[in-house]
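Below is one structure, written out as C-alpha cells; the observations come after it.
Just so it is clear, the model here is predicted, and its values are computed rather than measured. Start at 1 and go down the list; that is how both ligands and their atoms are numbered.
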Amino acid sequence: MKSGFVNIFGKPNAGKSTLLNALMGEKLAIVSSKVQTTRHRIKGILTGDDYQIIFSDTPGIIEPKYKLHEKMMQAVKGSLEDADVALLIADVKGDLQEANEAFTSLKLKVPAIVIINKVDVADEETLQQAKTFFLQQPYCKQVIAISALKKKGIEELLNSILNLLPEGEPFFEGDNLTDLPTKFFVSELIREKIFYLYQDEIPYHATVLVQEFKEKLTLVKITADIILQRETQKGIVLGQGGRMIKQLGIEARKDIEKFLGRKVFLELFVKVRPKWRDNELQLREYGY
Ligand code: GDP
Ligand code: MG
C-alpha cells in the first residue's frame with residue numbers, strides 16, 4: 001500500500017487545474033483561461049486498490065500586492081512543505097527560464113517531477129528542447145510530457161508518482177473525492193461563472209460566500225452573497241433589470257446541480273464591502 005501527498009505547482013495557466021481534473025476524472029478545480037481563478041488550495045483524493053494520493057492545486061506565484069495575495073503565497077509555501085512529491089508543471093511553449101526560476105525559488109526538499117504540459121500544441125523539437133532543459137536542473141528527478149487537456153501521458157505520470165510515494169496506509173477512509181466542504185465547492189462554482197460572465201476587474205474583486213445550505217426533501221436550498229468592493233460594480237453585476245445576475249444564477253445552478261446530483265434552488269445577493277481585500281479581519285472571516 002502506498003499513500004501520500006502530492007502538490008501541483010506551476011505558473012498561472014500552466015494547466016494545474018486541468019491536470020488535477022484529468023487525474024481525478026471529476027470536475028474538482030475551477031478551470032478558466034483567466035489567471036488567478038484558484039485562490040484556494042483545492043485537494044482531491046485519488047484512492048486505488050493499493051494506493052491513495054492526496055492532490056492539491058496551489059495558486060501560482062504572483063506579486064503580493066494585496067494582503068490576499070500574501071495569503072496565497074503562504075498557501076503555496078505551506079502546501080509544498082507537507083508534500084511527499086511535487087509536480088512542477090510548465091507550459092511547453094511558455095518561458096522555460098522563467099518557469100525554472102520559479103521552481104528553483106521553491107527550494108524543494110521533496111522529489112520533483114517536472115511535467116511539460118500542452119504537448120498537443122508543440123512540435124517534437126520544441127518538446128525535446130524543453131525536456132533537455134529541465135533534466136539539467138538539480139531539483140528535477142524526472143521529466144514527463146503530457147497533454148492535460150487531451151489526457152495524454154496521465155497514466156505514465158500516475159505510475160511515476162506512485163514510484164516516488166512512500167509506503168503507508170490511506171489517510172482517508174472510503175472514496176471521498178475531496179475533504180473540502182461542499183459549501184466551498186458551491187462558492188467556487190459560482191465564482192467560476194462570474195469569471196465567464198463579467199469582464200475586466202469584476203472577477204478579481206468579487207468573492208462568493210455561501211450563507212445557507214439546506215438539504216430539503218426535493219431539493220437543496222442555497223443562498224449565497226456575492227461581495228464586491230465598489231458600489232459601481234454592483235450595477236454591473238446585477239445588469240439591466242437584473243438580467244446579468246439572473247443569467248449567473250441560472251448557469252451556476254446548472255453546475256451545482258450536476259455537482260450535487262440534486263435539484264437546487266439558488267438565491268444570490270450582491271453586497272458591497274469597500275476594500276475588503278486589504279482588511280485582514282475580513283480576510284480571516286472569508287477563510288483565506
Ligand atoms: P492553471 O492556471 O495552471 O490552473 O491552468 P488551467 O488548468 O486553468 O489551464 C489554463 C488554460 O490552458 C486553459 O485554457 C486550459 O484549457 C489550457 N490547457 C491546459 N492544459 C492544456 C493542454 O494539455 N493542452 C492545451 N492545448 N491547453 C491546455
Ligand atoms: Mg487553476
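By the side chain to side chain donor-acceptor pair (under 3.5 Å) test, K221 is found to be paired with E212, residues two or more places apart in sequence or in another chain being considered.
Those atoms of ligand 1 that come under 4.0 Å of a heavy atom in V121, given as number and element, are 26 (N).
Between A148 and ligand 1, at least one pair of N/O atoms sits closer than 3.5 Å. In terms of polar-atom proximity, G15 is counted as a contact of ligand 1, with an N or O under 3.5 Å from an N or O of the ligand. Residue S147 places at least one N or O, backbone or side chain, under 3.5 Å from an N or O of ligand 1.
Q128 and E124 form a side-chain donor-acceptor contact under 3.5 Å, judged by distance and modelled atom types alone. Side chains of T126 and D123: a donor-acceptor N/O pair is present below 3.5 angstrom, by distance only. For the residue pair Q52 and T47, a side-chain donor N or O sits within less than 3.5 Å of a side-chain acceptor on the partner.
Every heavy atom of G10 sits 4.0 Å or more from the atoms of ligand 1.
Taking each heavy atom of I190 and A224 in turn, the nearest pair found is CD1-CB, 3.8 Å.
Within the 4.5 Å cutoff, the side chain of F55 has heavy atoms near those of the L23 side chain.
Classification of the F134-F103 ring pair by plane angle, with boundaries at 30° and 60°, yields tilted.
The parts of L149 lying near ligand 1 are both backbone and side chain, judged by heavy-atom distances below 4.0 Å. Only side-chain heavy atoms of D120 come within less than 4.0 Å of ligand 1; its backbone N, CA, C and O stay farther off. When non-hydrogen atoms are compared, ligand 1 lies under 4.0 Å from the backbone of P12 (N, CA, C, O) but not from its side chain.
Considering K16, K150, K11, K118 only, the shortest heavy-atom separation from atom 1 (P) of ligand 1 involves K16. The closest non-hydrogen atom to atom 15 (C) of ligand 1, taken over T18, V92, N117, comes from T18.
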